[in-house]
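Note sheet for the following structure.
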Amino acid sequence: MKNFSFELIKTCAASGARRGRVHTPHGDIETPCYMPVGTQATVKAMTPEAVKDVGAQIILSNTYHLHLRPGEALVKEAGGLHRFMHWDRPILTDSGGFQVFSLAGLRKISEEGVKFRSHIDGSSRFLSPETVMQIENDLGADIIMQFDECSPYPCDRTTAENAMLRTLRWAERCKRAHAREDQALFGIVQGAFEKDLRIESARALTDMDFPGYSIGGLSVGEPKPQMYELLEVTTPELPRDKPRYLMGVGTPDCLLEGVLRGVDMFDCVLATRIARNGTVFTTDGRLVVKNARYARDFAPLDEECDCYTCRNYSRAYIRHLFKAGEILGAHLASVHNLRFLLRLMEKVRAAIDADNLPQLVRDFYARYDMSRNF
RNA sequence: GAGGGAGUAGUUCAGUGGUAGAGCGCCAGAUUGUGGCUCUGGAUGUCGUGGGUUCAAACCCCAUCUCUCUCC
(Lines give C-alpha, C1' and ligand atoms only; values in the text may rest on other atoms or scores of the structure.)
Protein backbone atom coordinates (compact mmCIF):
# COMPACT_ATOMS: atom_id res chain seq x y z
CA MET A 1 0.00 0.00 0.00
CA LYS A 2 1.54 3.25 -1.14
CA ASN A 3 0.52 6.71 0.03
CA PHE A 4 -2.28 5.44 2.22
CA SER A 5 -2.38 5.42 5.99
CA PHE A 6 -4.59 6.28 8.92
CA GLU A 7 -3.45 8.42 11.77
CA LEU A 8 -5.49 8.23 14.99
CA ILE A 9 -5.01 11.72 16.36
CA LYS A 10 -6.93 11.37 19.60
CA THR A 11 -10.03 10.00 21.26
CA CYS A 12 -12.60 12.16 23.00
CA ALA A 13 -12.04 11.82 26.76
CA ALA A 14 -15.76 12.26 27.40
CA SER A 15 -17.07 9.81 24.81
CA GLY A 16 -14.36 7.68 23.26
CA ALA A 17 -15.14 9.04 19.79
CA ARG A 18 -12.15 9.03 17.44
CA ARG A 19 -10.45 11.94 15.73
CA GLY A 20 -8.24 10.91 12.86
CA ARG A 21 -6.65 11.67 9.51
CA VAL A 22 -6.61 9.50 6.42
CA HIS A 23 -3.71 10.02 4.02
CA THR A 24 -4.39 9.23 0.35
CA PRO A 25 -2.65 9.92 -2.96
CA HIS A 26 -5.09 12.79 -3.57
CA GLY A 27 -4.77 14.39 -0.16
CA ASP A 28 -5.73 14.00 3.46
CA ILE A 29 -9.16 13.49 4.99
CA GLU A 30 -9.92 14.69 8.50
CA THR A 31 -12.16 12.22 10.31
CA PRO A 32 -14.85 11.69 11.40
CA CYS A 33 -16.10 12.63 7.94
CA TYR A 34 -19.18 12.51 5.77
CA MET A 35 -18.70 11.68 2.10
CA PRO A 36 -21.18 13.05 -0.48
CA VAL A 37 -22.25 10.46 -3.01
CA GLY A 38 -21.61 10.84 -6.73
CA THR A 39 -22.86 7.52 -8.00
CA GLN A 40 -22.52 8.19 -11.70
CA ALA A 41 -19.31 10.21 -11.48
CA THR A 42 -21.23 13.30 -10.43
CA VAL A 43 -22.70 14.51 -7.16
CA LYS A 44 -26.15 15.12 -8.58
CA ALA A 45 -27.04 18.77 -9.19
CA MET A 46 -23.57 19.88 -8.06
CA THR A 47 -20.42 21.03 -9.84
CA PRO A 48 -17.14 19.78 -8.35
CA GLU A 49 -16.37 23.38 -7.41
CA ALA A 50 -19.59 23.60 -5.42
CA VAL A 51 -18.84 20.26 -3.76
CA LYS A 52 -15.48 21.65 -2.68
CA ASP A 53 -17.09 24.88 -1.57
CA VAL A 54 -19.40 23.09 0.88
CA GLY A 55 -16.32 21.47 2.38
CA ALA A 56 -16.31 17.93 1.03
CA GLN A 57 -12.95 16.23 1.47
CA ILE A 58 -13.77 13.04 -0.40
CA ILE A 59 -16.65 11.80 -2.51
CA LEU A 60 -17.99 8.36 -3.25
CA SER A 61 -18.71 6.87 -6.64
CA ASN A 62 -19.98 3.55 -7.81
CA THR A 63 -18.55 0.55 -9.58
CA TYR A 64 -21.90 -0.95 -10.55
CA HIS A 65 -23.19 2.19 -12.24
CA LEU A 66 -19.95 3.17 -13.97
CA HIS A 67 -19.41 -0.39 -15.17
CA LEU A 68 -22.83 -0.39 -16.86
CA ARG A 69 -22.43 3.16 -18.16
CA PRO A 70 -20.11 4.48 -19.55
CA GLY A 71 -17.94 1.44 -18.78
CA GLU A 72 -14.61 1.34 -16.94
CA ALA A 73 -12.63 1.16 -20.19
CA LEU A 74 -13.84 4.61 -21.16
CA VAL A 75 -13.10 6.04 -17.72
CA LYS A 76 -9.62 4.55 -17.88
CA GLU A 77 -9.12 6.00 -21.35
CA ALA A 78 -10.17 9.40 -19.97
CA GLY A 79 -7.29 9.17 -17.52
CA GLY A 80 -9.16 7.70 -14.57
CA LEU A 81 -12.15 8.80 -12.58
CA HIS A 82 -10.51 11.91 -11.08
CA ARG A 83 -9.69 13.39 -14.46
CA PHE A 84 -12.88 12.16 -16.10
CA MET A 85 -15.10 13.99 -13.60
CA HIS A 86 -12.74 16.86 -12.76
CA TRP A 87 -12.37 16.07 -9.04
CA ASP A 88 -8.83 16.19 -7.68
CA ARG A 89 -9.54 15.23 -4.08
CA PRO A 90 -9.88 11.64 -2.82
CA ILE A 91 -12.53 9.32 -4.24
CA LEU A 92 -13.92 6.11 -2.81
CA THR A 93 -15.67 3.59 -5.06
CA ASP A 94 -18.30 1.22 -3.78
CA SER A 95 -18.03 -2.28 -5.19
CA GLY A 96 -21.52 -2.87 -6.49
CA GLY A 97 -22.42 -5.46 -3.87
CA PHE A 98 -25.20 -3.29 -2.51
CA GLN A 99 -26.48 -2.26 -5.95
CA VAL A 100 -26.77 -5.86 -7.05
CA PHE A 101 -28.78 -6.35 -3.87
CA SER A 102 -30.97 -3.26 -4.23
CA LEU A 103 -31.26 -2.46 -7.94
CA ALA A 104 -30.61 -5.39 -10.20
CA GLY A 105 -33.37 -7.71 -11.28
CA LEU A 106 -33.25 -11.49 -11.29
CA ARG A 107 -29.96 -11.80 -9.49
CA LYS A 108 -28.47 -15.24 -8.96
CA ILE A 109 -25.75 -15.42 -6.35
CA SER A 110 -23.24 -18.26 -6.48
CA GLU A 111 -19.87 -18.79 -4.91
CA GLU A 112 -18.25 -17.60 -8.11
CA GLY A 113 -20.14 -14.29 -8.22
CA VAL A 114 -23.46 -12.69 -9.06
CA LYS A 115 -25.39 -13.03 -12.29
CA PHE A 116 -27.94 -10.25 -12.67
CA ARG A 117 -29.85 -8.14 -15.14
CA SER A 118 -28.81 -4.56 -15.83
CA HIS A 119 -31.38 -2.06 -14.59
CA ILE A 120 -30.58 0.05 -17.64
CA ASP A 121 -31.23 -2.30 -20.56
CA GLY A 122 -32.06 -5.64 -18.94
CA SER A 123 -28.95 -7.28 -20.38
CA SER A 124 -27.49 -10.23 -18.49
CA ARG A 125 -24.34 -9.37 -16.50
CA PHE A 126 -21.92 -11.06 -14.16
CA LEU A 127 -19.80 -9.63 -11.38
CA SER A 128 -17.30 -11.54 -9.29
CA PRO A 129 -14.67 -10.42 -6.78
CA GLU A 130 -12.09 -10.57 -9.56
CA THR A 131 -14.09 -8.60 -12.14
CA VAL A 132 -15.01 -5.98 -9.54
CA MET A 133 -11.35 -5.52 -8.61
CA GLN A 134 -10.43 -5.11 -12.26
CA ILE A 135 -13.18 -2.50 -12.67
CA GLU A 136 -12.20 -0.60 -9.55
CA ASN A 137 -8.55 -0.71 -10.59
CA ASP A 138 -9.50 0.79 -13.94
CA LEU A 139 -11.64 3.51 -12.32
CA GLY A 140 -8.70 4.43 -10.12
CA ALA A 141 -10.29 5.66 -6.88
CA ASP A 142 -8.11 6.16 -3.81
CA ILE A 143 -10.19 3.84 -1.65
CA ILE A 144 -12.02 0.83 -3.07
CA MET A 145 -14.52 -1.60 -1.58
CA GLN A 146 -14.37 -5.36 -1.74
CA PHE A 147 -17.25 -7.16 -3.48
CA ASP A 148 -19.64 -8.29 -0.75
CA GLU A 149 -23.01 -9.90 -0.26
CA CYS A 150 -25.48 -7.68 1.56
CA SER A 151 -28.27 -9.34 3.58
CA PRO A 152 -31.81 -7.97 3.66
CA TYR A 153 -33.86 -6.94 6.70
CA PRO A 154 -35.26 -8.97 8.22
CA CYS A 155 -32.92 -11.91 7.67
CA ASP A 156 -32.87 -15.41 9.07
CA ARG A 157 -29.69 -16.54 10.78
CA THR A 158 -28.64 -19.10 8.17
CA THR A 159 -28.93 -16.60 5.34
CA ALA A 160 -27.04 -14.01 7.38
CA GLU A 161 -24.24 -16.44 8.23
CA ASN A 162 -23.86 -17.67 4.67
CA ALA A 163 -23.68 -14.12 3.31
CA MET A 164 -21.16 -13.13 5.98
CA LEU A 165 -18.94 -16.16 5.32
CA ARG A 166 -19.16 -15.71 1.58
CA THR A 167 -18.21 -12.05 2.02
CA LEU A 168 -15.10 -13.21 3.92
CA ARG A 169 -14.14 -15.60 1.13
CA TRP A 170 -14.75 -12.86 -1.42
CA ALA A 171 -12.60 -10.53 0.68
CA GLU A 172 -9.68 -12.95 0.24
CA ARG A 173 -10.29 -13.16 -3.49
CA CYS A 174 -10.53 -9.38 -3.80
CA LYS A 175 -7.27 -9.02 -1.94
CA ARG A 176 -5.55 -11.45 -4.28
CA ALA A 177 -7.01 -9.84 -7.41
CA HIS A 178 -6.34 -6.26 -6.36
CA ALA A 179 -3.53 -5.06 -8.59
CA ARG A 180 -2.83 -1.43 -7.74
CA GLU A 181 -0.60 -0.37 -4.88
CA ASP A 182 -1.97 3.15 -4.87
CA GLN A 183 -5.53 2.10 -4.02
CA ALA A 184 -6.57 1.11 -0.50
CA LEU A 185 -8.89 -1.91 -0.45
CA PHE A 186 -11.36 -2.03 2.45
CA GLY A 187 -12.93 -5.24 3.77
CA ILE A 188 -16.64 -5.17 4.61
CA VAL A 189 -18.14 -6.46 7.84
CA GLN A 190 -21.42 -8.34 7.33
CA GLY A 191 -23.49 -10.58 9.60
CA ALA A 192 -26.88 -8.93 9.31
CA PHE A 193 -28.50 -8.49 12.74
CA GLU A 194 -26.69 -11.25 14.61
CA LYS A 195 -24.19 -9.78 17.03
CA ASP A 196 -21.96 -12.84 17.16
CA LEU A 197 -21.82 -13.00 13.37
CA ARG A 198 -20.82 -9.34 13.23
CA ILE A 199 -18.06 -10.02 15.74
CA GLU A 200 -16.89 -13.09 13.85
CA SER A 201 -16.83 -11.10 10.61
CA ALA A 202 -14.90 -8.19 12.13
CA ARG A 203 -12.28 -10.51 13.67
CA ALA A 204 -11.77 -12.53 10.50
CA LEU A 205 -11.38 -9.41 8.38
CA THR A 206 -8.96 -7.94 10.90
CA ASP A 207 -6.84 -11.08 10.57
CA MET A 208 -6.65 -10.44 6.84
CA ASP A 209 -5.13 -7.04 7.58
CA PHE A 210 -6.94 -4.52 5.39
CA PRO A 211 -5.96 -0.83 5.37
CA GLY A 212 -9.52 0.02 6.41
CA TYR A 213 -12.80 -1.61 7.36
CA SER A 214 -16.34 -0.96 6.24
CA ILE A 215 -19.47 -1.89 8.11
CA GLY A 216 -22.08 -2.94 5.58
CA GLY A 217 -25.59 -4.29 5.62
CA LEU A 218 -26.95 -1.73 8.06
CA SER A 219 -29.53 0.98 7.53
CA VAL A 220 -31.53 -1.37 5.32
CA GLY A 221 -34.79 -0.98 7.24
CA GLU A 222 -33.95 -2.06 10.78
CA PRO A 223 -34.80 0.19 13.76
CA LYS A 224 -32.07 2.65 14.68
CA PRO A 225 -31.51 1.26 18.21
CA GLN A 226 -30.77 -2.11 16.64
CA MET A 227 -28.23 -0.57 14.30
CA TYR A 228 -26.58 1.20 17.24
CA GLU A 229 -26.35 -2.03 19.24
CA LEU A 230 -24.73 -3.80 16.32
CA LEU A 231 -22.23 -0.97 15.95
CA GLU A 232 -21.41 -1.20 19.63
CA VAL A 233 -20.36 -4.82 19.34
CA THR A 234 -18.59 -4.38 16.00
CA THR A 235 -16.24 -1.41 16.31
CA PRO A 236 -14.40 -2.76 19.41
CA GLU A 237 -13.38 -5.75 17.29
CA LEU A 238 -11.76 -3.62 14.61
CA PRO A 239 -8.14 -2.46 14.86
CA ARG A 240 -7.77 0.96 16.45
CA ASP A 241 -5.23 2.12 13.93
CA LYS A 242 -7.41 1.63 10.84
CA PRO A 243 -10.36 3.71 9.61
CA ARG A 244 -13.92 2.42 10.05
CA TYR A 245 -16.52 3.29 7.47
CA LEU A 246 -20.23 2.87 8.13
CA MET A 247 -21.79 2.44 4.72
CA GLY A 248 -24.92 4.26 3.64
CA VAL A 249 -25.68 6.05 6.87
CA GLY A 250 -26.37 9.73 6.83
CA THR A 251 -29.19 11.25 8.84
CA PRO A 252 -27.77 13.92 11.15
CA ASP A 253 -28.60 11.93 14.29
CA CYS A 254 -27.20 8.68 12.87
CA LEU A 255 -23.91 10.43 12.06
CA LEU A 256 -23.59 11.58 15.68
CA GLU A 257 -24.56 8.19 17.08
CA GLY A 258 -22.12 6.48 14.73
CA VAL A 259 -19.24 8.73 15.78
CA LEU A 260 -20.07 8.07 19.44
CA ARG A 261 -19.67 4.36 18.65
CA GLY A 262 -16.28 4.70 17.02
CA VAL A 263 -17.06 5.23 13.33
CA ASP A 264 -14.74 7.44 11.26
CA MET A 265 -16.38 7.67 7.84
CA PHE A 266 -19.94 7.82 6.49
CA ASP A 267 -21.60 8.19 3.13
CA CYS A 268 -25.24 8.68 2.27
CA VAL A 269 -27.42 9.68 -0.66
CA LEU A 270 -30.13 11.02 1.60
CA ALA A 271 -28.90 14.61 1.74
CA THR A 272 -28.82 15.08 -2.03
CA ARG A 273 -31.83 12.90 -2.72
CA ILE A 274 -34.22 14.70 -0.38
CA ALA A 275 -32.75 18.00 -1.56
CA ARG A 276 -33.84 17.24 -5.11
CA ASN A 277 -37.32 16.54 -3.83
CA GLY A 278 -37.68 19.77 -1.91
CA THR A 279 -36.72 18.75 1.63
CA VAL A 280 -33.81 20.14 3.66
CA PHE A 281 -32.11 19.57 6.99
CA THR A 282 -32.11 22.47 9.42
CA THR A 283 -30.89 23.01 12.97
CA ASP A 284 -34.51 22.59 14.06
CA GLY A 285 -35.14 19.46 12.02
CA ARG A 286 -36.48 18.49 8.64
CA LEU A 287 -38.09 21.25 6.57
CA VAL A 288 -40.16 20.51 3.46
CA VAL A 289 -39.48 23.77 1.70
CA LYS A 290 -41.84 23.03 -1.18
CA ASN A 291 -44.81 23.08 1.20
CA ALA A 292 -47.34 25.89 0.79
CA ARG A 293 -46.61 27.28 4.25
CA TYR A 294 -43.28 28.66 2.97
CA ALA A 295 -44.75 30.54 -0.01
CA ARG A 296 -44.20 33.90 1.71
CA ASP A 297 -41.37 32.96 4.05
CA PHE A 298 -38.44 35.17 3.14
CA ALA A 299 -36.07 33.76 5.76
CA PRO A 300 -33.17 31.49 4.74
CA LEU A 301 -33.56 27.70 4.91
CA ASP A 302 -31.64 27.69 8.21
CA GLU A 303 -30.77 30.86 10.10
CA GLU A 304 -27.73 29.09 11.57
CA CYS A 305 -26.29 27.96 8.24
CA ASP A 306 -23.30 29.56 6.50
CA CYS A 307 -23.81 27.98 3.07
CA TYR A 308 -24.07 29.81 -0.25
CA THR A 309 -27.79 29.11 -0.43
CA CYS A 310 -28.59 30.41 3.04
CA ARG A 311 -26.45 33.49 2.53
CA ASN A 312 -28.33 34.51 -0.62
CA TYR A 313 -31.77 32.94 -1.01
CA SER A 314 -35.09 32.68 0.82
CA ARG A 315 -37.38 29.76 1.51
CA ALA A 316 -40.03 31.49 -0.62
CA TYR A 317 -37.67 31.71 -3.60
CA ILE A 318 -36.47 28.12 -3.29
CA ARG A 319 -40.07 26.92 -2.95
CA HIS A 320 -40.91 28.87 -6.09
CA LEU A 321 -38.06 27.16 -7.94
CA PHE A 322 -39.36 23.73 -6.91
CA LYS A 323 -42.96 24.53 -7.82
CA ALA A 324 -41.78 25.86 -11.18
CA GLY A 325 -39.64 22.77 -11.80
CA GLU A 326 -36.51 24.86 -12.09
CA ILE A 327 -33.20 22.98 -11.84
CA LEU A 328 -31.66 25.65 -9.64
CA GLY A 329 -33.92 24.56 -6.78
CA ALA A 330 -32.29 21.13 -6.70
CA HIS A 331 -28.85 22.72 -6.78
CA LEU A 332 -29.49 25.24 -4.01
CA ALA A 333 -31.13 22.64 -1.75
CA SER A 334 -28.27 20.18 -2.42
CA VAL A 335 -25.68 22.82 -1.58
CA HIS A 336 -27.45 23.46 1.71
CA ASN A 337 -27.98 19.83 2.72
CA LEU A 338 -24.40 18.85 1.96
CA ARG A 339 -23.10 21.86 3.85
CA PHE A 340 -25.39 21.00 6.77
CA LEU A 341 -23.90 17.50 7.16
CA LEU A 342 -20.32 18.54 6.41
CA ARG A 343 -20.53 21.39 8.90
CA LEU A 344 -22.04 19.05 11.48
CA MET A 345 -18.96 16.86 11.05
CA GLU A 346 -16.68 19.90 11.36
CA LYS A 347 -18.36 20.62 14.69
CA VAL A 348 -17.98 16.97 15.66
CA ARG A 349 -14.25 17.06 14.98
CA ALA A 350 -13.85 20.28 16.94
CA ALA A 351 -15.85 18.80 19.82
CA ILE A 352 -13.66 15.69 19.91
CA ASP A 353 -10.58 17.89 19.89
CA ALA A 354 -12.07 19.69 22.89
CA ASP A 355 -13.11 16.45 24.62
CA ASN A 356 -16.76 17.50 24.77
CA LEU A 357 -18.59 15.61 22.04
CA PRO A 358 -21.43 14.59 24.42
CA GLN A 359 -22.31 18.25 24.90
CA LEU A 360 -22.52 18.81 21.14
CA VAL A 361 -24.82 15.81 20.86
CA ARG A 362 -27.06 17.09 23.67
CA ASP A 363 -27.26 20.52 22.05
CA PHE A 364 -28.16 18.91 18.74
CA TYR A 365 -31.04 16.88 20.17
CA ALA A 366 -32.27 19.86 22.19
CA ARG A 367 -33.14 21.70 18.98
CA TYR A 368 -33.57 19.05 16.30
CA ASP A 369 -37.19 17.89 15.97
CA MET A 370 -36.86 14.10 15.97
CA SER A 371 -40.60 13.59 15.51
CA ARG A 372 -40.25 14.58 11.88
CA ASN A 373 -36.88 12.95 11.27
CA PHE A 374 -36.08 10.17 8.81
C1' G B 1 -78.67 43.58 -37.29
C1' A B 2 -78.59 38.18 -39.30
C1' G B 3 -76.71 33.31 -38.89
C1' G B 4 -73.44 29.54 -36.57
C1' G B 5 -70.48 27.54 -32.35
C1' A B 6 -69.41 27.21 -27.12
C1' G B 7 -70.64 27.65 -21.65
C1' U B 8 -69.01 20.98 -16.86
C1' A B 9 -63.04 21.19 -11.22
C1' G B 10 -58.11 26.47 -10.73
C1' U B 11 -57.26 25.35 -16.24
C1' U B 12 -57.91 22.59 -20.96
C1' C B 13 -61.55 19.44 -22.07
C1' A B 14 -64.42 14.34 -22.13
C1' G B 15 -69.14 12.92 -20.82
C1' U B 16 -76.44 11.71 -26.02
C1' G B 17 -81.63 10.26 -20.11
C1' G B 18 -79.74 6.26 -14.85
C1' U B 19 -74.34 7.51 -8.47
C1' A B 20 -70.21 13.89 -12.55
C1' G B 21 -64.77 12.24 -15.12
C1' A B 22 -59.44 12.78 -17.26
C1' G B 23 -54.76 15.44 -18.18
C1' C B 24 -52.33 19.52 -16.21
C1' G B 25 -52.29 22.52 -11.89
C1' C B 26 -53.08 22.51 -6.51
C1' C B 27 -52.30 20.01 -1.52
C1' A B 28 -49.70 16.39 1.23
C1' G B 29 -46.62 12.05 2.10
C1' A B 30 -42.27 8.93 0.98
C1' U B 31 -36.86 8.95 0.42
C1' U B 32 -30.17 6.11 4.56
C1' G B 33 -23.20 1.82 0.32
C1' U B 34 -28.80 7.02 -5.60
C1' G B 35 -33.12 3.65 -11.84
C1' G B 36 -35.60 9.42 -7.97
C1' C B 37 -36.77 17.26 -12.18
C1' U B 38 -38.97 10.50 -9.06
C1' C B 39 -42.71 7.65 -6.64
C1' U B 40 -47.43 7.32 -3.70
C1' G B 41 -51.81 9.43 -2.10
C1' G B 42 -55.65 13.44 -1.65
C1' A B 43 -59.13 17.56 -2.44
C1' U B 44 -61.68 19.89 -5.86
C1' G B 45 -67.97 21.24 -8.90
C1' U B 46 -75.17 25.37 -7.49
C1' C B 47 -72.59 21.00 -14.96
C1' G B 48 -73.85 29.78 -16.93
C1' U B 49 -78.99 31.26 -14.98
C1' G B 50 -84.47 30.54 -14.72
C1' G B 51 -88.44 27.54 -16.04
C1' G B 52 -90.49 22.98 -18.38
C1' U B 53 -90.82 17.48 -19.98
C1' U B 54 -89.62 12.81 -17.32
C1' C B 55 -89.80 7.93 -12.15
C1' A B 56 -84.96 10.13 -13.37
C1' A B 57 -81.83 15.90 -16.91
C1' A B 58 -74.89 18.03 -17.66
C1' C B 59 -77.68 15.56 -21.65
C1' C B 60 -84.45 16.75 -24.31
C1' C B 61 -87.72 21.58 -24.76
C1' C B 62 -88.44 27.09 -23.86
C1' A B 63 -86.47 31.63 -22.22
C1' U B 64 -82.35 34.38 -20.77
C1' C B 65 -77.14 35.89 -19.95
C1' U B 66 -71.96 35.55 -21.42
C1' C B 67 -68.02 34.42 -24.80
C1' U B 68 -66.72 33.46 -29.82
C1' C B 69 -66.83 33.00 -35.35
C1' U B 70 -68.93 34.48 -40.13
C1' C B 71 -71.78 37.85 -42.92
C1' C B 72 -74.19 42.77 -43.42
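These numbers come from the heavy atoms of this one structure, side chains and all, not from hydrogens, waters or symmetry mates. None of these values were measured; they are calculated from a predicted model.
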Please write out each protein N/O paired with an N/O of nucleotides 36-38 of chain B under 3.5 Å, distance rounded to 0.1 Å.
from: B/C37; atom 1: OP2; to: A/R276; atom 2: NE; distance (Å): 3.4
from: B/U38; atom 1: N3; to: A/N277; atom 2: OD1; distance (Å): 3.4
from: B/U38; atom 1: O4; to: A/N277; atom 2: OD1; distance (Å): 3.2

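Base engagement by A/I188 is indicated by at least one non-hydrogen atom pair under 4.0 Å involving a base atom. A/A292 comes within contact range of the sugar-phosphate backbone alone, with a heavy-atom separation under 4.0 Å but no base atom that close.
In this model, the phosphate group of B/C26 is not approached by any side-chain N or O of A/R319 to a distance below 4.0 Å at OP1 or OP2. Residue A/K323 places at least one side-chain N or O closer than 4.0 Å to OP1 or OP2 of B/C27. Phosphate contact (OP1/OP2 of B/U32, side-chain N/O of A/N373, threshold under 4.0 Å): absent.
Residue pairs meeting the ring-ring contact (aromatic ring centres under 6.0 Å, His included) criterion with at least one partner in residues 244-285 of chain A, sequence neighbours excluded, are A/F281-A/F340. Applying the salt bridge (charged side-chain N to carboxylate O under 4.0 Å, His left out) test to pairs two or more places apart or on separate chains, those with a residue in residues 243-255 of chain A are A/K224-A/D253.
Taken residue by residue, residues 214-245 of chain A places heavy atoms nearer than 4.0 Å to RNA chain B at A/G217, A/S219, A/K224. Taking every heavy atom of residues 145-170 of chain A and every atom of RNA chain B, pairs under 4.0 Å involve A/D148, A/C150, by number.
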List the atom pairs, donor and acceptor, that lie under 3.5 Å between side-chain atoms in residues 25-34 of chain A and the rest of the protein, sequence neighbours left out.
from: A/H26; atom 1: ND1; to: A/H82; atom 2: NE2; distance (Å): 3.3
from: A/H26; atom 1: ND1; to: A/D142; atom 2: OD1; distance (Å): 2.7
from: A/H26; atom 1: ND1; to: A/D142; atom 2: OD2; distance (Å): 3.3
from: A/D28; atom 1: OD1; to: A/H23; atom 2: ND1; distance (Å): 2.9
from: A/D28; atom 1: OD2; to: A/H23; atom 2: ND1; distance (Å): 3.3
from: A/E30; atom 1: OE1; to: A/R19; atom 2: NH1; distance (Å): 3.1
from: A/E30; atom 1: OE1; to: A/R19; atom 2: NH2; distance (Å): 3.0
from: A/E30; atom 1: OE1; to: A/R21; atom 2: NE; distance (Å): 3.3
from: A/E30; atom 1: OE1; to: A/R21; atom 2: NH2; distance (Å): 3.4
from: A/E30; atom 1: OE2; to: A/R21; atom 2: NE; distance (Å): 2.6
from: A/T31; atom 1: OG1; to: A/G20; atom 2: N; distance (Å): 3.1
from: A/T31; atom 1: OG1; to: A/G20; atom 2: O; distance (Å): 3.2
from: A/Y34; atom 1: OH; to: A/C268; atom 2: O; distance (Å): 2.8

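The distance between the ring centers of A/H119 and A/Y64 falls below 6.0 angstrom.
With A/F374 as the aromatic partner, A/R286 meets the cation-pi criteria of under 6.0 angstrom to the ring centre and within 45 degrees of the ring axis.
The distance from atom OH of A/Y294 to atom P of B/C26 is 18 Å, rounded to the nearest whole Å. Atom CG of A/L270 is separated from atom P of B/U32 by 7 Å (rounded to the nearest Å). Distance CZ (A/F322) to C1' (B/G25): 18 Å, rounded to an integer number of Å.
Checking A/F374 against A/A324, the closest nucleotide of RNA chain B that is more toward the 5' end is the one next to A/A324.
Residues A/I199 and A/I188 are members of separate hydrophobic clusters, defined by side-chain heavy-atom contacts under 4.5 angstrom among Ile, Leu, Val, Met, Phe, Trp and Tyr.
Using cut-offs of 30° and 60° on the angle between ring planes, the pair A/Y368 and A/F364 is parallel.
The partner of B/G3, taking Watson-Crick or G-U wobble pairs whose two distances both stay under 3.5 Å, is B/C69.
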